[in-house]
Amino acid sequence: MPGAVGATPMNRTLGQRILVTLPYLWLLVLFFAPFLIVLKISFSDLAVSRPPYTPQFDLSGGWAGIRDFFAELDFENYTFLAEDSLYINAYLSSLKIAAVSTVITLLIGYAIAYALARTPRRWRPTLVMLVILPFWTSFLIRVYAWIGILKTEGLLNQALLSIGLISEPLHIMNTTTAVYIGIVYSYLPFMILPIYATLEKMDESLLEAAADLGSSRLAAFCLVTLPLSLPGVIAGCFLVFIPAIGEFVIPDLLGGSETLMIGKTLWVEFFNNRDWPLASAVATLLLLLLIVPIVLFQRQQMKQEIGG
Amino acid sequence: MTLPFAPWADPAAKPLIDLRNVTKRFGAFEAVKNLSLTIFEREFFAILGPSGCGKTTLMRMLAGFETPSEGEILLGEQDLVPIPPAKRPVNMMFQSYALFPHLNVEKNIAFGLKREGVAKGEIADRVTDIMRLVQLTDFARRKPDQLSGGQRQRVALARALVKRPRLLLLDEPLGALDKKLRQETQFELMNIQETLGTTFVIVTHDQEEAMTVSSRIAVMRAGELAQVATPTDLYEHPDSRFVADFIGEVTVLEGRVTNASRGGVGLAFIEGATDLRVITDDAPPAGTEAWLALRPEKVSIARARPDEADNALPGKVLDIAYLGNISTYHVELANGAVVKAQESNRQRADRRGITWEDDVWVSWEEDAGVLLLT
Ligand SMILES: Nc1ncnc2c1ncn2[C@@H]1O[C@H](COP(=O)(O)OP(=O)(O)O)[C@@H](O)[C@H]1O
Ligand SMILES: [Mg+2]
């Protein structure tokens, strides 16, 4: 929290004040102001003009002009979104894809984090480095690389065909499956790292104590390891779920026509249909949709800080 | 009148724990070397030794976290080695306490009973009882991080005890407590052990603690047993310089055995001077290299040569450690050896005037010291 620098508001120096104001300024300029603009556009109407919507904000009309400006804003775009099932389906489908990807990422990520935390201490920094290593290559390029792997004549099919596991190439590319693969691959580090952090600091004698008190290995895992790693699991899930909902690049590059995701819908409205007002409404709704899990996440983190 | 509790002295008594030639190797390193030991029911048995001598390893073998590389561990008639920790009637109180941080005191204590499948009502009763015994009733709903060190120690104890193990292992249970609390807790532990009649094996590197609480003490040295005896025997009759030095304060004088007579021997200690007289059960042959271990409280100090002492040597006061109730004088003898003499400061005797650099006489009786061959 920006305010929690340790000094009370009374005795802050000028430097501290600036330091505290900076993040707010950042949010104001780079987040809140653009959001207001998008919100305003979402209440506007499509127009063949440049920029492609009316009304435009214009101070030359004076007081009356401003009143007219506000009178012209309406919820038309939102009504349209609610009435056309395409958008609702896109939202729901995004939620579903994000949720399923999160669960898959959790299962794989937990296993990897668990294995990492159990390897001898001297190997761990290297292995954690390997988890982070993909970030050194652009996200976009890595997703492109998956095309080379997943396409019909791609590496995966070649490999499977050559060892005789399949006789026909698999059609993964341009399906929702490819999107799942892309999301799980891309977001895996965000799941592994927080879980690893909680598992790594867990005292191993707790598991011995559990065994000493009569637990099987499975019981010790369920009753001790899992609850103690829960904060990491929750953090990881949010870090995957939230960005996955609005994901655009992965469904665009790997998904097909069947894959409906709101990020892609947004892009189509904006650039293909040039319907800025509707696209803005889609974006605003998406933001509202994301705020719920983000607030939940923040509260969880806060509880964690107070509890720990 | 009841007989003193000493099952180890009774050849017919069956031990609860019987370690037979147990060796534990980590790679090429032998942490425990060919160790044999018996522990009897209701004993409060202490394992004492310097850090790294293998105490924890021995405990972990009893708990089942380590498998002996060689040898057997029997509990009653039962071979313990193949039994996993979860199935042993043995519980351990960990050096770090290892309390489950996400569970409150009550749930920590109930953990083991739930795994055992004890009925709900009985769990509640047993947990309540044990919490009363260790005075934790008021803290039942607190999490471990809301407890003081002493309270955490009691949770760890209660959590192990509530399982009613046949053997309770305590690995440096009081190591994390400050001195005053540690002394109080020692007596609490003794009371609890007496109340429940559980066999306790406690590991410690604090000799005072071992002396206070235990029925017998095993002194370990580099993976081996140096001596197993009651606290009194260990103090009065150590059988090696290591044990004599490890338990309490001691002066060790090196010499050579001369003639044997009157149930004792002479020890040629200072060339040219009269031999020291030592009473010993089996006198080694003359010429053997030997050591005399002397407890400081058995050595007297005076300005003049005492008339009736069996052994008396002149020296110079090198140092005085004033401890309030007692003072320890370090007296340097003619050959450079230093003898410690302890006097209580009860009466204002003339020796209170003794100070640094004074010429004094130290003296002791022929049965005051112990003759050691190793
Ligand atoms: N798992 C292990 N691997 C290798 N060496 C170990 C292991 N556990 C203990 N040791 C070694 O065995 C020796 C005895 O250790 P320990 O039983 O913990 O001593 P203590 O409890 O008496 O301080 C030490 O030198 C320690 O380094
Ligand atoms: Mg230890």
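These numbers come from a predicted model, not from an experiment. Naming: A, B, ... by sequence-line order, numbering from 1 per chain.
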Heavy-atom distances under 4.5 Å only: say whether [X] touches chain B with side chain, backbone, both or neither.
X: A:Leu223; value: both
X: A:Ala220; value: neither
X: A:Leu206; value: both
X: A:Asp203; value: side chain

Using non-hydrogen atoms only, which part of [X] is less than 4.5 Å away from chain A: side chain, backbone, both, or neither?
X: B:Arg60; value: side chain
X: B:Lys87; value: neither
X: B:Leu99; value: backbone
X: B:Val90; value: backbone
X: B:Phe94; value: side chain

If you measure from [atom1] on [X] to [atom2] on [Y], what distance do you get to the nearest 0.5 Å?
X: B:Ile109; Y: A:Leu213; atom1: CD1; atom2: CG; result: 11.0 Å
X: B:Ser96; Y: A:Glu208; atom1: OG; atom2: CD; result: 9.0 Å
X: A:Ser229; Y: B:His102; atom1: OG; atom2: NE2; result: 10.0 Å

Does [X] [atom1] have over 12 foreign heavy atoms under 6.0 Å away?
X: A:Arg142; atom1: CZ; answer: yes
X: B:Glu116; atom1: CD; answer: yes
X: B:Arg42; atom1: CZ; answer: no
X: A:Phe32; atom1: CZ; answer: no
X: B:Lys33; atom1: NZ; answer: yes

Closest non-hydrogen atom pair between B:Phe65 and A:Ala211, with its separation: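 Heavy atoms only, the tightest pair is CE2-CB, 4.3 Å.
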
Minimal non-hydrogen separation, B:Arg159 against A:Ala209, with atom names: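 The answer is NH2-CB, 3.5 Å.
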
When B:Val162, B:Leu113, B:Leu103, B:Asn91 are compared by non-hydrogen pairs under 4.5 Å with chain A, the top option: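 When all of B:Val162, B:Leu113, B:Leu103, B:Asn91 are compared, B:Asn91 has the most.
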
Heavy-atom side-chain contact between A:Ser215 and B:Phe111 under 4.5 Å: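 Yes, their side chains come closer than 4.5 Å.
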
A:Asp212 (side chain) donor-acceptor with B:Met92 (main chain) under 3.5 angstrom: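 Checking the backbone N and O of B:Met92 against the side chain of A:Asp212, a donor-acceptor pair under 3.5 Å is found.
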
